Amino acid sequence: ITEEDLDTVAEMIAKSEKPFVLVGGGAVISEADKEVRELVELADAPVCDTLMGKGVIDGTNERYTGMIGMHGTKTSNFGVTECDLLIVLGARFSDRVIGNAKEFAKNAKIVHIDVDPSEINKNIRTDASVIGDVKVILEKLNEKLPQMNHNEWITEVKSYEEAHPMTYHKGVLTGPYIIEKIYEATHGDAIISTEVGQHQMWAAQYYKYKAPRQLLTSGGLGTMGYGLGAAIGAKMARKDKLVFNIAGDGCFRMNMNEIATATRYNIPVIEVVVNNHVLGMVRQWQDLFYGQRYSQTVLNDRVDFAKVAEGLGAKGYTVSTCEEFDNAVKEAIELNIPVVIDAQIDKDDKVFPMVAPGAPISECFGEEDVAEKFGR
């Protein structure tokens with residue numbers, strides 16, 4: 001960390017008229033949430049995060065625009081595309097974040113702050129960088145920054161949010177409804193772990209995380225089966241917290257025997273299986289990009305997950321309506337024992353927004369765009 005590099009970045013931030021902050025998992029590892037929030041206030045900048053950066057910025061913060069990338073919000077994707085300075089904190093510019101590299105933040109100068117020098121200029125060319133611990137760097141950098149005012153820019157970004165809100169079908173049981181209801185029932189204060197797939201993206205999109213490490217999820221090359229073990233570990237460490245694992249039915253099969261571990265040691269985790277009877281994320285790609293040629297994604301057998309859970313010593317629920325799900329969550333919290341809720345949703349529910357592979361993130365599309373984009 002050199003004064004010269006810090007001064008360069010401070011000058012770039014001071015001169016920027018449309019700054020945007022992107023927070024990655026490095027800010028979680030370095031426990032830099034206080035310093036990141038201070039930077040965002042000083043720069044008066046909108047801020048988004050990667051999947052691994054969740055909780056560094058409180059999900060209810062007025063400057064927070066949601067996740068970026070393949071399943072990021074239109075607000076974040078459009079904002080990063082239109083900004084004139086992108087400040088990247090502890091993120092590696094993964095393919096799921098940047099989409100088409102040539103088009104990523106093409107109107108912006110890019111500042112990259114990261115502990116790993118091999119990440120600098122690896123996937124995206126940067127205009128300035130500082131190598132080191134994000135927390136230490138921001139402690140020094142924030143001292144060099146004046147209080148800025150970017151009301152016009154903030155208003156412009158807010159207009160994207162008003163024009164393109166996150167929406168889903170109301171009145172039926174869906175992945176987004178499940179996550180929002182868990183958020184409401186836990187007052188946003190639970191620890192959430194996930195497996196990998198559509199449910200993972202819904203958990204990232206619809207739960208407003210207040211603090212780092214409130215979301216436990218596997219990152220690049222993510223692992224089906226990760227979440228249940230993570231939930232058990234989290235509950236052992238934080239007995240004062242409600243702990244939910246959000247799983248898909250395919251993921252539940254990978255590690256469901258660990259429900260027996262939870263019951264053996266009476267570890268009261270709540271496993272919610274978002275059960276669409278398919279490998280949902282793969283099916284979504286097959287439906288949208290592979291001409292609806294479905295291969296090896298249908299799981300339409302007769303396994304009863306609630307009975308499996310009871311056979312392993314847990315309480316099991318099977319639900320298929322919003323009201324049934326609401327009641328099951330309420331009872332699961334009150335029981336304070338290991339619980340599995342098998343929540344049945346439609347096999348063709350999709351995660352939106354979405355960016356097609358190889359496309360720029362500025363071309364993210366929602367359900368409302370599918371007919372025009374795909375002719376159906």
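All values derive from a computational prediction rather than experimental measurement. Residue indices begin at 1 and follow the sequence shown.
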- Begin with the C-alpha distance, continue with both residues' side-chain angles, and end with the deciding distance and a verdict on side-chain hydrogen bond (donor to acceptor under 3.5 Å, both in side chains) for Thr174 and Asp349. CA-CA 7 Å; Thr174 63; Asp349 281 0; 5.3 Å; no
- Please test Ser76 against Thr65 for side-chain hydrogen bond (donor to acceptor under 3.5 Å, both in side chains), starting from the C-alpha separation and ending with a verdict. CA-CA 6 Å; Ser76 295; Thr65 61; 2.7 Å; yes
- Could you tell me which non-hydrogen atom of Glu195 sits nearest to which non-hydrogen atom of Asn245, and how far apart they are? OE2-ND2, 2.9 Å
- Message: Could you tell me if the side chain of Met52 sits less than 4.5 Å from the side chain of Thr217, heavy atoms only?
- Response: yes
- Query: If we only count heavy atoms from C-beta on, is the Pro357 to Phe289 side-chain gap below 4.5 Å?
  - Reply: yes
- Neighbour count >12 (heavy atoms, 6.0 Å) for atom CD, Glu139: yes
- Task: May I have the step-by-step check of side-chain hydrogen bond (donor to acceptor under 3.5 Å, both in side chains) for Ser362 and Glu103, ending in yes or no?
- Result: CA-CA 8 Å; Ser362 59; Glu103 297 293 318; 5.9 Å; no
- Task: Answer yes when Lys241 and Asp189 have at least one side-chain N-carboxylate O distance shorter than 4.0 Å, and no when they do not.
- Result: yes
Please list, one pair per line, the donor and acceptor atoms closer than 3.5 Å that link side chains of residues 329-338 to other protein atoms, with sequence neighbours excluded.
residue: Lys330; atom: NZ; partner: Glu334; partner atom: OE2; Å: 2.9
residue: Glu331; atom: OE1; partner: Tyr317; partner atom: OH; Å: 2.8

- Cluster question for you: counting only ILVMFWY and a side-chain heavy-atom cut-off of under 4.5 Å, with indirect links fine, are Val80 and Val97 together? yes
- Item | Over all atoms of both residues, closest heavy-atom pair of Ile259 and Ala309 | CG2-O, 4.5 Å
- So, for Gln284 and Val351, which heavy atoms are closest and what is the spacing to 0.1 Å? OE1-N, 2.9 Å
- Can you find a heavy atom in the side chain of Met166 that is under 4.5 Å from one in the side chain of Tyr206? yes
- Taking the side chain as every heavy atom from C-beta outward, state whether Thr318 and Lys307 have any atom pair closer than 4.5 Å. no
- Message: Please report the interatomic distance CD1(Ile246) to SG(Cys251), rounded to the nearest 0.5 Å.
- Response: 12.0 Å
- Taking the side chain as C-beta and beyond, is there a heavy-atom pair between Leu39 and Ile13 under 4.5 Å? yes
- Task: For Ser320 and Gln344, indicate whether the former's side chain and the latter's backbone hold a donor-acceptor pair under 3.5 Å.
- Result: no
- Decide salt bridge (charged side-chain N to carboxylate O under 4.0 Å, His left out) for Lys15 and Glu11; before the verdict, give the C-alpha distance in whole Å, the side-chain angles of both, and the deciding distance to 0.1 Å. CA-CA 6 Å; Lys15 288 182 176 178; Glu11 183 179 357; 2.9 Å; yes
Using distance only, find each side-chain donor-acceptor pair of residues 127-134 under 3.5 Å and give its atom names and separation, not counting sequence neighbours.
residue: Asp127; atom: OD2; partner: Ile110; partner atom: N; Å: 2.8
residue: Asp133; atom: OD1; partner: Lys135; partner atom: N; Å: 2.9
residue: Asp133; atom: OD1; partner: Val136; partner atom: N; Å: 3.3

- Kindly give the heavy-atom pair with the smallest separation between Ala314 and Thr263, and that separation in Å. N-CG2, 3.5 Å
- Query: Same hydrophobic cluster for Ile57 and Leu145, using side-chain heavy-atom links shorter than 4.5 Å among ILVMFWY?
  - Reply: yes
- Message: Between Ile68 and Leu22, is there a side-chain heavy-atom distance shorter than 4.5 Å?
- Response: yes
- Do the non-hydrogen side-chain atoms of Lys350 and Asp287 ever get within less than 4.5 Å of each other? yes
- Message: Using a 6.0 Å cut-off, check whether atom CD of Gln296 has over 12 heavy atoms from anything other than its own residue.
- Response: no
- Query: Hey, does Ile137 have a side-chain heavy atom less than 4.5 Å from the side chain of Leu6?
  - Reply: yes
- Message: Donor-acceptor check, side chain of Asp342 to backbone of Asp304, threshold 3.5 angstrom: yes or no?
- Response: no
- Task: Please answer whether the main-chain N or O of Ser16 pairs with a side-chain N or O of His150 as donor and acceptor at a distance below 3.5 Å.
- Result: yes
